[in-house]
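Data block below; observations after.
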Amino acid sequence: MTTFKSEFVRTLVERGFMHQCTDLDALDELAARQQITAYIGYDCTAPSLHVGSLVQIMMQRILQKTGHRPIVLMGGGTTKVGDPSGKDASRRMLTDDDITDNMAGIREVFSRFVSFGDGSTDAVMVNNDDWLSELAYIPFLRDMGRHFSINRMLSFDSVKLRLEREQPLSFLEFNYMILQAYDYLELNRRHDCILQMGGSDQWGNIVNGVELGRRVDSVSLYGFTTPLITLASGAKMGKTADGAIWLNQDMLSSYDYWQFWRNTEDADVGRFLRLFTELPLDEIARLDELEGAEINAAKIVLANEASTLCHGRSAAEAAENTAHQTFAEGRVATDLPTVDVKSTDLQAGVNLYELMVLAELCKSNGEARRLIKGGGARVNDAQISDEMAKVTLDDATVEGVVKLSAGKKRHVLIKPV
RNA sequence: GGAGGGGUGCCCGAGUGGUUAAAAGGGGCGGGCUGUAAACCCGCUGGCUAUGCCUACGUUGGUUCGAAUCCAACCCCCUCCA
């Protein structure tokens with residue numbers, strides 16, 4: 001392996017962040033010699049980011065830790081136009097207020113990973129709406145449009161695939177890559193940003209920005225992409241049964257976040273430890289050696305480290321505790337999600353299926369009844385298969401709660417009040 | 001504006017008058033095996049105050065004992081032409 005001069009590039013390469021780079025040696029040289037500013041663009045269609053963006057976030061953290069300056073670019077301007085790739089015609093366009101709210105949520109996520117401020121390595125968050133909204137069509141076409149050849153744009157995967165599949169591609173969408181390239185130029189002018197990073201699917205867009213910079217302003221810009229992080233099974237990372245794995249605590253509990261990492265597939269453990277934790281590489285190598293059931297120890301380390309970064313040490317420890325109590329000791333962990341139910345209702349007895357819905361373990365009575373019939377429902381760890389079963393105060397344990405389970409992993413405590 | 005094709009459940013897609021809450025697959029959930037993994041196997045997968053009722057095949061009307069299926073109008077999408 002080549003030896004790198006800059007800690008920044010070395011760390012990225014060693015830990016598995018690199019997929020492609022426009023000029024790795026030159027970038028390494030530059031990062032070793034001076035402080036650089038790099039940006040990554042994020043969508044702001046949701047009030048939080050999910051693990052799908054975590055690789056990029058970690059990369060910005062590394063950037064900052066190795067003495068450089070991260071820019072978090074929010075796609076406020078592009079979001080406003082609405083993503084035309086959505087098939088759902090009624091897909092709503094976000095208002096300015098939505099975007100502002102979403103940005104606040106995302107900033108909160110980021111503040112766990114990078115520090116914002118005015119210092120030389122402090123991160124800044126910018127919104128491309130600041131410049132995109134003001135663009136005047138004709139001057140923009142004249143100054144920027146002439147640098148884009150349609151022939152070349154048609155050859156980009158994002159476009160080519162759509163055309164080959166004979167799927168529609170609107171002119172609006174076709175313009176996204178131009179706007180994104182322009183973002184890079186603008187960030188270079190405003191913030192002296194010389195590196196854009198992103199997922200491998202962004203390669204084309206990034207390269208466009210690099211070239212636009214060279215043609216218009218004669219500056220040397222760099223591009224760097226990460227591999228698309230899929231699970232070993234090939235599934236795209238970030239979505240599970242209960243939806244996206246959000247990074248914000250108010251959208252996904254620390255326990256669920258911890259569990260997400262705890263349930264990593266064996267084959268992914270080493271790779272994820274390198275990408276999503278800051279453990280030294282030799283320790284990761286040791287953990288990665290573990291085989292069979294022993295690898296569970298590595299998964300716990302992964303869950304703890306990843307949770308600590310995102311939710312803090314104490315939240316991670318609490319989650320580990322809860323998990324240990326629930327799975328290893330099989331007893332009622334007291335900090336499982338709790339739902340209050342009136343004692344008077346319980347006295348008379350409440351249908352189990354209704355409680356399951358109340359506890360949000362099931363979406364409808366029908367679903368709950370099916371779950372019970374299928375043997376997936378438990379009251380205080382005892383399987384109940386009678387769909388008409390009732391739960392009463394007598395079911396409360398010595399702790400004064402009733403533990404409901406849907407499957408082996410989803411538990412809720414019912415507390416009479 | 002003209003010609004043609006199409007809109008079905010979370011997704012994808014079959015279904016061209018009746019046992020169709022709608023095939024197959026995917027996804028999801030549950031069970032089994034295990035290690036709270038993967039792979040694999042099995043079951044479930046519209047709602048409800050539940051031997052029944054309601055909602056659902058782009059929308060609205062119509063034909064019919066009966067419509068996702070036939071007819072009409074309208075809306076939307078795609079392809080080609082102008």
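Here is the naming used below: chain letters follow the sequence lines, and residue numbers restart at 1 for every chain. Since this is a predicted model, take the numbers as computed values, not measurements.
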Q) Given A:Met58, which of A:Leu309, A:Leu275, A:Thr226 fulfils the side chain to side chain contact (heavy atoms under 4.5 Å, CB included) condition? A) A:Leu309
(Q) My understanding is that only one of A:Arg410, A:Met356, A:Arg378 makes a side chain to side chain contact (heavy atoms under 4.5 Å, CB included) with A:Ser405; could you say which? (A) A:Arg378
Q) Of A:Ala377 and A:Lys299, whose nearest nucleotide on RNA chain B comes first from the 5' end? A) A:Ala377
[X] has an atom [atom1]; how far is it from atom [atom2] of [N], in whole Å?
X	N	atom1	atom2	result
A:Ile295	B:G35	CD1	P	14 Å
A:Ile372	B:G43	CD1	P	21 Å
A:Ile384	B:G30	CD1	C1'	16 Å

Using a cut-off of strictly less than 4.0 Å, decide whether [X] has a side-chain nitrogen or oxygen near OP1 or OP2 of [N].
X	N	value
A:Arg369	B:G46	no
A:Ser364	B:G47	yes
A:Lys408	B:U34	no
A:Lys409	B:A37	yes
A:Asn365	B:U49	yes

Q) How far, in whole Å, is B:C57 from B:G9 if one measures between their P atoms? A) 9 Å
Q) Ignoring hydrogens and angles, does a donor from either the side chain of A:Gln259 or the base of B:U36 sit under 3.5 Å from an acceptor on the other? A) yes
Between [options], which nucleotide has the shortest distance from any of its atoms to the side chain of [X]?
X	options	value
A:Trp258	B:U36, B:G30, B:A37	B:U36
A:Phe327	B:U36, B:A37, B:G30	B:U36
A:Arg370	B:U36, B:G47, B:A37	B:G47

Q: Inspect the contact between A:Lys403 and A:Asp381 and indicate whether a charged nitrogen and a carboxylate oxygen are less than 4.0 angstrom apart.
A: yes
Q.
Using 30° and 60° as the class boundaries, would you call the ring planes of A:Trp261 and A:Phe276 parallel, tilted or perpendicular?
A. tilted
Q: Check step by step if ring pair (Phe, Tyr, Trp, His ring centres under 6.0 Å) holds for A:Trp246 and A:Tyr257.
A: CA-CA 8 Å; A:Trp246 298 106; A:Tyr257 190 73; over 10 Å; no
